[in-house]
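First up is the structure itself, then whatever we jot down about it.
The figures here come from the full heavy-atom set of this structure, side chains too, leaving out hydrogens, waters and symmetry mates.
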Protein chains: 2
Amino acid sequence: MNNAWHKEMLAEVKAGGRISDQDIVEKVRRAVLTQRLPPDTKLPEVTLGEVFGVSRSVVRKALTRLASEHVVDQRPNQVARVRAPSIEETRETFEARRLVEGEVAAQLAGRLDAEVMSTLETQARLETDAYERGDEPARIEHSLTIHHLLAEHSPNRVLGAMLTDLVLRTSIVIALYKRPSLASCYLENDHPRLLDRLGKGDGEAARACVNDHLHSLEALLDLRPRENSIDLMSILGRTAEQT
Amino acid sequence: MNNAWHKEMLAEVKAGGRISDQDIVEKVRRAVLTQRLPPDTKLPEVTLGEVFGVSRSVVRKALTRLASEHVVDQRPNQVARVRAPSIEETRETFEARRLVEGEVAAQLAGRLDAEVMSTLETQARLETDAYERGDEPARIEHSLTIHHLLAEHSPNRVLGAMLTDLVLRTSIVIALYKRPSLASCYLENDHPRLLDRLGKGDGEAARACVNDHLHSLEALLDLRPRENSIDLMSILGRTAEQT
DNA sequence: CAACCCCACTTTGTATACAGTTCTCCATCA
DNA sequence: TGATGGAGAACTGTATACAAAGTGGGGTTG
């Protein structure tokens, strides 16, 4: 576990009141998303308990939920670890998200009320602003907000919940497999264009737009098979630490 | 909780060895699926613990997992209950499953090896047999096996896992909303026809076939709005469910 | 008679103790 | 040098005790 992260959490915990399992889920999820907790990081129950000032019971519940969200890997008699999705799973996650988000967008086209539309447009503008001033964390935040709003307002709540899960999972693998040379995974006009099509009520155009967007995003990642260590490690040894 | 079910479980427990949380998940899931545990049935932790001969810790973990599978409703400080999906959610679940299973079938067409194909065909035949001799539980079993095999062999494991979840959820609502007049939700030629198209490698035909099958299934249900109690409850009662 | 309130009981939430498993590291040996 | 085995530490699995919240029934009051 990461020591800087510990201190940060402890500070927040002291500030706030009582901590519930849901709080832990959200904090860990966010830390994974922002790579403050990199893949394969061990998350022992007692340590987490000390960090958040609760006992193992609460931590265990949180870890179980994080496992069902695919954020954490929980195996019997072993310490929970931050999940590191494989390259293949990354591709599959993107494909699944194209299918689901495309359908959600198609259903949503022309059905969003003015208030939500304007919130979406605001977020898109804020994303551009953040990009231009080089504030990557803020940019990601706004981008995520857009997709979460779409999921949340999906007329089909079942699909919406599935989309929420897929947005989280793609965000994690984007952080994981982003080409180091790229400062940002920002695609200039994609979000405004999507919002435009949603506003005009053209479902199929919106679906196509989502598809292109996600294909472009995936293309920004480095999904070539790794030669150097992962394969050797996973074949020969057991606990592959990193790279 | 149901007393006949208690005895049944106790018998099984005594026969088998040690019980894990996963065992409880499977047994409860199956009991819900077969309506031995009808919707809204209370599932108190101590009672379940006594039934399975374990302490609350194990039961709690099982309940948390069942909640993430949408089988059980778990609210803070309240007894867990068997979930009763609304009519609207039922429609949405079917729609989601059409999207996902259609895609899985399309991808699977022409890619299934001979062994799996023959297992599928055997299950389809067994389903017909069971129907003809009026053995509904066996018929459901074989039908479920077919869909689970499709999910399991999906080239895209992410979609496959989503499909597994959706198959479970649709099965539950079918049991819930089946017209009482119908002895069975059996659609004579649907499964053989689907397998035929999968074998011939025609992806789009397979997708269409899945779509038709699921539309027909949904049409067998009684999804008319209920007058008597449900609506009043959700309008007057505490946590407004929707709209 | 109906509505309301209060108290006892039931049930869940959290912490903790102990048992069983896995991991780590060091000493031993070929 | 490299493999092996074992002791101890670290960690999870399970049970249980106590605290807090919710539920329901009986009695009181208007």
Rounded to whole angstrom units, what separation is found between the CZ atom of B/Arg60 and the C1' atom of D/dA15?
-> 14 Å
Could you verify whether a donor N or O on one side chain and an acceptor N or O on the other, from A/Glu127 and A/Gln123, lie under 3.5 Å apart?
-> no
Starting from P on C/dT22, measure out to CZ on A/Arg81 and report it in whole angstrom.
-> 15 Å
Listed nucleotide nearest any side-chain atom of B/Val58, set D/dG13, D/dA15, C/dT11 = D/dA15
Going 5' to 3' through nucleotides 16-23 of chain D and flagging B where a protein heavy-atom sits under 4.0 Å of the base, S where only the sugar-phosphate is that close, and - otherwise, we get BB---SSS
How many Å lie between CD on A/Glu45 and P on C/dA15, as a whole number?
-> 13 Å
From CD1 of B/Ile24 across to C1' of D/dT14 the rounded distance in Å is 12 Å
Side-chain donor-acceptor contact under 3.5 Å, A/Gln22 with A/Arg65 | yes
B/Leu48 has an atom CG; how far is it from atom C1' of C/dT10, in whole Å?
-> 15 Å
Is the number of heavy atoms from other residues, nucleotides or ligands under 6.0 Å of A/Glu88 CD greater than 12?
-> no
Looking only at side chains, do B/Thr93 and B/Arg169 share a donor and an acceptor under 3.5 Å apart?
-> no
Is B/Arg179 atom CZ crowded by more than 12 heavy atoms from other residues, nucleotides or ligands, each under 6.0 Å away?
-> yes
Assess the side chains of B/Ser184 and B/Arg139: does a donor N or O sit below 3.5 Å from an acceptor N or O?
-> yes
CD of A/Glu50 versus P of C/dT14: gap in Å, rounded?
-> 18 Å
Rounding to a whole Å, what distance do you find between B/Gln22:CD and D/dG13:C1'?
-> 15 Å
When the distance from CG of B/Leu43 to P of C/dT10 is rounded to whole Å, what number comes out?
-> 19 Å
